[in-house]
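In what follows, a single structure is set out as structure tokens and then discussed.
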Amino acid sequence: MTQILLTKPKNRFAKVIEIIEQEKHKFKFQRGSLGQDNSRCTIGLLLSHYGWTGYGCASSDYDEADNKLHELISAEEQSFIASINDKCENYDVVIERLERAGEGH
């Protein structure tokens, strides 16, 4: 008897979703700008995961985090995530939408 394993294609946003799940408890969700104080949009949260402190975009920690984020996802995907963020009320809704958007890719 031959056994065929059917595997679900990996979600193209799987690593992004994993990071959001890991980091979401550290920040208050916000729409729009990257972040201030303890609030972060989804892209700001991802940048913070890679070391950004949240204090402006003209700092070495921002540049390093931004480079790492570009290794993970393209500028187009970042723009897509930002547009999802601005239509959501919390990180869990962002995750749901990324799960649906990334299926089968």
Side-chain heavy-atom pair R31, C41 within 4.5 angstrom cut-off:
no
K28 meets the side-chain hydrogen bond (donor to acceptor under 3.5 Å, both in side chains) criterion, sequence neighbours left out, with none
Give, for atom CZ of F80 and atom CD1 of I84, the distance between the pair rounded to the nearest 0.5 Å.
3.5 Å
Of all residues at least two apart in sequence or in a different chain, which pass the side-chain hydrogen bond (donor to acceptor under 3.5 Å, both in side chains) check with S39?
none
Please find the pair of heavy atoms, one from G51 and one from A65, that lie closest to each other, and give the distance.
N-CB, 4.4 Å
Apply side-chain contact (heavy atoms from CB on, under 4.5 Å) to the pair I95 and F13, showing each step before the final yes or no.
CA-CA 9 Å; I95 290 168; F13 295 114; over 6 Å; no
Rounded to the nearest 0.5 angstrom, the CD1-CG distance for I43 and L69 is 5.5 Å
Going by the rule side-chain hydrogen bond (donor to acceptor under 3.5 Å, both in side chains), which residues pair with E99 if we only count those two or more places apart in sequence or in a different chain?
none
Which is it for N85 and F29 under the side-chain contact (heavy atoms from CB on, under 4.5 Å) test, yes or no, and what are the steps along the way?
CA-CA 9 Å; N85 180 90; F29 179 82; 3.1 Å; yes
Taking all non-hydrogen atoms of both residues, which atom of S48 and which atom of F27 are closest, and how far apart?
CB-CZ, 3.7 Å
Measure the OG-CD distance between S60 and E64 for me, rounded to the nearest 0.5 Å.
5.5 Å
Taking the side chain as every heavy atom from C-beta outward, state whether L98 and I20 have any atom pair closer than 4.5 Å.
yes
Can you list the residues that meet the side-chain hydrogen bond (donor to acceptor under 3.5 Å, both in side chains) rule with E23, with sequence neighbours excluded?
K26, H49
Sequence neighbours excluded, the answer for ring pair (Phe, Tyr, Trp, His ring centres under 6.0 Å) partners of Y50 is none
Which atom pair, heavy atoms only, marks the closest approach of I81 to V16?
CD1-CG1, 4.0 Å
R100/E103 salt bridge by N-O under 4.0 Å criterion:
no
CD (E96) and CG (N90) are apart, to the nearest 0.5 Å, by 8.0 Å
Can you tell me how far CH2 of W52 sits from CG of L45, rounded to the nearest 0.5 angstrom?
10.5 Å
Separation between CG of D86 and OG1 of T42, rounded to the nearest 0.5 Å:
8.5 Å
Please tabulate, for side-chain N and O atoms in residues 72-79, each donor-acceptor pair with protein atoms closer than 3.5 Å (sequence neighbours left out).
residue, atom, partner, partner atom, Å
S74, OG, E76, N, 3.4
S74, OG, E76, OE1, 3.3
S74, OG, E77, N, 3.1
S74, OG, E77, OE1, 3.4
E77, OE1, S74, N, 2.9
Q78, NE2, H70, ND1, 3.4
Q78, NE2, I73, O, 3.4

Within-4.5 Å side-chain heavy-atom neighbours: D92 and K24:
yes
